[in-house]
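First up is the structure itself, then whatever we jot down about it.
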Amino acid sequence: MLNVQQQQHLQMCTLTIAITLLVLLLLSSTSNAAINPQSSTSYLSQVNQFLAPQNAARKAVGMKPLIWDEKVANYAKWYANQRRFDCDLRHSNGPYGENIFWGSGNGWTPAQAVMAWISEKKWYSYWSNSCGGGEECGHYTQIVWSETRRVGCARVACYGGRGVFMTCNYDPPGNYVGEKPY
C-alpha cells in the first residue's frame, strides 16, 4: 500500500509522462523541418521546440512557465557558434545556468535535446534532493528550478560533420548545492 506522499509522487510522474507525450505529439509535425535562421516561421518553430517541453515539465511540478528572452538567446547563439568548430560538450561557464547537448549526425531537433534533459527526471529524488543510481539529473533540475524565469537556446550543426550542438541558458541560474529546485 502506498502512503499519501508516494501516491502524490506517482500521480505527478503520470502527469509528467502524459504532458511529455502531448508535447511530443504537438511538435512531431515540426520536428523534421529544417531550421533556417532567415525564416521567422522556422525560428518560432525552433523556439517552440525548445520552450514547450520545458514549460510542460515545469507545469508538472507546479512551476511558472519560462519566458523566451532574446538577450539570453543571443548569449546561447554566441556560445553555440564557439562550439561549431569542435562540437565539444563543454560548458561556457558564463553568467547563466546552462544545459548542453551533443548528437552525432545533423538530424537532432531542439525538442529531442530538451526531452533528453527532461528524461533525467526519473533519476531525481525530491525527498533526498539527489540523483539516484549514480546518474545525472542536473539538466532536469535546472529546467524546473523555481527561481529561473527566462531562457534562451540555440542549435548549430558543427563543421566537418561533427554533429549537432545545442545549448539552453537560464536566468537566473539554478542548481545551487543543498537547495531543492522547487
- Task: Mind checking the NZ-CZ spacing from Lys64 to Arg149? Nearest 0.5 Å is all I need.
- Result: 5.0 Å

- Query: Looking at side-chain heavy atoms only, is the closest gap between Tyr140 and Trp123 below 4.5 Å?
  - Reply: no

- State the CD1-OG1 distance between Ile100 and Thr167, to the nearest 0.5 angstrom. 7.0 Å

- Message: Testing the basics here: between Val164 and Met166, what is the closest heavy-atom pair and its distance to 0.1 Å?
- Response: CG1-CE, 3.7 Å

- If you take all heavy atoms of Asn129 and Gly178, which pair is closest and at what distance? ND2-C, 4.0 Å

- Message: One thing to verify: whether Asp88 and Arg90 come together as a salt bridge, which I'm taking to mean a side-chain N less than 4.0 angstrom from a carboxylate O.
- Response: yes

- When you look at Lys77 and Arg155, which way does the side chain to side chain contact (heavy atoms under 4.5 Å, CB included) test go after all the steps? CA-CA 7 Å; Lys77 289 175 201 169; Arg155 176 196 185 277; over 6 Å; no

- Item | Cluster link Leu66 to Trp145, ILVMFWY, side chain under 4.5 Å | no

- Message: Please report the interatomic distance CG(Asp171) to CD1(Ile67), rounded to the nearest 0.5 Å.
- Response: 11.0 Å

- Exercise: identify the closest heavy-atom pair between Arg58 and Val144: NH1-C, 3.5 Å

- Query: So do Cys158 and Phe85 actually touch side chain to side chain, heavy atoms under 4.5 Å?
  - Reply: no

- Query: Can you say whether the rings of His139 and Trp117 are parallel (under 30°), tilted (30 to 60°) or perpendicular (over 60°)?
  - Reply: parallel

- Item | Exercise: do Asn175 and Gln142 side chains pair donor with acceptor under 3.5 Å | no

- Query: Is Val151 close to Asn169 at the side-chain level, that is, under 4.5 Å between some pair of heavy atoms?
  - Reply: no

- Message: For a 4.5 angstrom cut-off between non-hydrogen side-chain atoms, does Val156 reach Asn81?
- Response: yes

- Note on the structure: Residues Arg83 and Phe165: closest non-hydrogen pair is CG-CZ, 3.6 Å

- Ala80 and Ala154 have their tightest heavy-atom pair at CB-CB, 3.9 Å

- Query: Quick one: are Glu98 and Ser92 in side-chain contact, heavy atoms under 4.5 Å?
  - Reply: yes

- Task: Kindly assign one of parallel, tilted or perpendicular to the pair Tyr75 and Tyr79, based on the angle between their ring planes and the thresholds 30° and 60°.
- Result: parallel

- Message: Just verifying a value: how many Å separate Met63 CE and Glu147 CD, rounded to the nearest 0.5 Å?
- Response: 9.0 Å

- Non-hydrogen atoms of Ala57 and Ile118 that approach each other most closely: CB-CD1, 3.9 Å

- Item | Test item: Gln54 and Met115 side chains (from C-beta on) under 4.5 Å apart, heavy atoms | no

- Kindly say whether the aromatic ring centers of Phe101 and Trp108 come within a distance under 6.0 Å. yes

- Query: Hey, does Ile143 have a side-chain heavy atom less than 4.5 Å from the side chain of Asn99?
  - Reply: yes

- Query: Do Tyr124 and Trp127 sit in the same hydrophobic cluster, where Ile, Leu, Val, Met, Phe, Trp and Tyr count as joined when their side-chain heavy atoms come under 4.5 Å apart?
  - Reply: yes

- Query: Gln112 side chain to Thr109 main-chain N or O, any donor-acceptor pair under 3.5 Å?
  - Reply: yes

- Centroid separation Tyr170 to Tyr96 less than 6.0 Å: no

- Please tell me if the side chains of Glu120 and Glu135 come closer than 4.5 Å, counting only heavy atoms from C-beta onward. no

- Task: Supply the atom-to-atom distance Arg84 CZ to Arg162 CZ, rounded to the nearest 0.5 angstrom.
- Result: 12.5 Å

- Assign the ring pair Tyr126 / Tyr182 to parallel, tilted or perpendicular, where the plane angle (0 to 90°) is split at 30° and 60°. parallel

- Message: Let me confirm one number: the CD-OG1 distance from Glu136 to Thr141, rounded to the nearest 0.5 Å.
- Response: 7.5 Å

